[in-house]
Amino acid sequence: MENLLYIAHNLQNHLETLRQFTSTPGFGVTRLPFSKEARQAVDYIKDQMEQIGLRTWIDASGAVHGRLDGTEPDAPTILIGSHYDTVKSGGAYDGIAGIVSAIEVARILKENKVQMKYPLEIIATNDEEGITYGVCFLTSKALLGRWTITELKQLHDTAGESIYDAILRFGLDPNKIEDCKIDSLNVKCFIEIHIEQGPVLDSKGIQLGLVDCIAGLQRYRIQMIGKSNHAGSTPMDMRSDAVDASTKVISCISEWAKTEGGGTVATVGFMQVFPNALNTISGKTEWVLDCRSSDEEKIQHIVEKLTQKLEEVKSKTGVDYKIEPLVHVKPGYMNKELLEQLEKSCCTFGYSYQKIMSGATHDAHLMSEEVDTIMLFVPSKDGISHSPEESSKYEDLARAVYVVSDMISNLN
Ligand code: HGY
Ligand code: MN
Ligand code: MN
């Protein structure tokens, strides 16, 4: 196998090129689905795949596929990938590091002339984050055949463009979204290399994290409907202030999560105020509750408390509410046999590793509902992610490339 530094150097070149494809230069990486920056990343990824001899195509979800045929064309496919979209002012590693690592895995297998029985297919997925349209896993949902054309037309960004129209604008055909569906029975496994996005590995000096469980995730969009009015001339007992009512509810959420414990987390990261004028009492707010736990019941408790609190605030303030479920993914469990294989490969190279739960969700989370799936983490410096300060070591990513290449070679 090539020496580690050769792979680390390739990864550095990829990531230093890709991090430039951002709409917020100087303020982290922002690469939203179907944006100019997404187009630059798609073109780069496709070109790199073709340079190592993969057959490439782009599917209707905007995902880039690169395929290396095996010796048995009908053998089930090994899928490996992650996402090329980012959050706003995010880091240069979340998602994209898994794609370039997959490209380096394919390079190693090719350059070492590993005769692969199983075809290997890299998938650079689109809109895993879900911050533009409110629904995450755009590509992985398409791979599992879970989109309808109607839904693509109904979901839109804050400027009013639907996913359907964005796909058209990107030069793809949204009417072919159902063609993205994979035959889950003909998939050997789905593998995702990803940064930990948490403090565990870095704080303990451990090189690799073998994910055994991904926390369940539920997201709800809440609208609170009051009455816009003049901030100065409206007496306090005649107000129906949507922001005031929202704060009465949102300020309880952290305590609810702490009370549930067991790693349960909850936050409101997105909030819009209407009309959002400094001298006007707000008539409406729209915010999203993001709640996660490896124990679904704990999330349910929080959702029940939310509904009770909204009712209580409505009776006191007259501010009404609407709750709309956006995302509901149960806790995802990784494939035990593949984890054992991965563990063996870590031992082959003498890399330190530990089993780890993922608090963040990933394409692997949804894929694990239908195919044997594993995830391999590399440490995040100081556990920081979704931030311009996000960083990981290229050598750690190279170790993940080695381990996955070795595991895949042994799957033969
Ligand atoms: O939200 C998440 O956990 C991931 O970053 N999409
Ligand atoms: Mn992310
Ligand atoms: Mn990610």
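These numbers were taken from a predicted model, which means no experiment stands behind them. Counting starts at 1 for both ligands and their atoms, following the listed order.
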Next item on the list: Could you give me the CA-CA distance, side-chain angles and deciding distance for His362 and Glu128, then say whether side chain to side chain donor-acceptor pair (under 3.5 Å) is met?
Entry: CA-CA 7 Å; His362 306 280; Glu128 179 272 346; 5.0 Å; no
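- Between Glu324 and Arg221, at least one side-chain N (NZ, or NE/NH1/NH2) sits under 4.0 Å from a carboxylate O, which counts as a salt bridge.
- The two atoms that bring Tyr133 and Ala166 nearest to each other are OH-CB, 3.4 Å, heavy atoms only.
- Atom CD1 of Ile99 and atom CD1 of Ile45 lie 4.5 Å apart (nearest 0.5 Å).
- Lys355 has a carboxylate O that lies under 4.0 Å from a charged side-chain N of Glu343, or vice versa, which qualifies the two as a salt bridge.
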Hey, what polar pairs (N/O, under 3.5 Å) does ligand 1 make with protein?
unit_1   : atom_1 : unit_2 : atom_2 : d
ligand 1 : 1 (O)  : Arg219 : NH2    : 2.9
ligand 1 : 1 (O)  : Arg292 : NH2    : 2.9
ligand 1 : 3 (O)  : Arg292 : NH1    : 2.6
ligand 1 : 3 (O)  : Arg292 : NH2    : 3.3
ligand 1 : 3 (O)  : Thr361 : N      : 2.8
ligand 1 : 5 (O)  : Glu129 : OE1    : 3.1
ligand 1 : 5 (O)  : His386 : NE2    : 3.1
ligand 1 : 6 (N)  : Glu128 : OE1    : 3.1
ligand 1 : 6 (N)  : Glu128 : OE2    : 2.9
ligand 1 : 6 (N)  : Glu129 : OE1    : 2.9

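- Salt-bridge check for Asp179 with Lys181: failed, with every basic side-chain N at 4.0 Å or more from each acidic carboxylate O.
- Under the 30°/60° scheme for interplanar angles, the aromatic rings of Tyr44 and His14 are found to stand perpendicular.
- Within a radius of less than 2.8 Å around the Mn ion (ligand 3), the protein N, O or S atoms are His83 NE2, Asp94 OD1, His194 NE2.
- Ion pair Arg146/Glu369 flagged as a salt bridge, since at least one NZ, NE, NH1 or NH2 atom sits closer than 4.0 Å to an Asp/Glu carboxylate oxygen.
- Taking the six-membered ring for Trp, Tyr351 and Phe349 have ring centres closer than 6.0 Å.
- The N, O or S atom of His386 with the smallest distance to the Mn ion (ligand 2) is NE2.
- Residue Ser140 is tested with Asp127, Asn126, Asp363 for a side chain to side chain donor-acceptor pair (under 3.5 Å); the sole match is Asp363.
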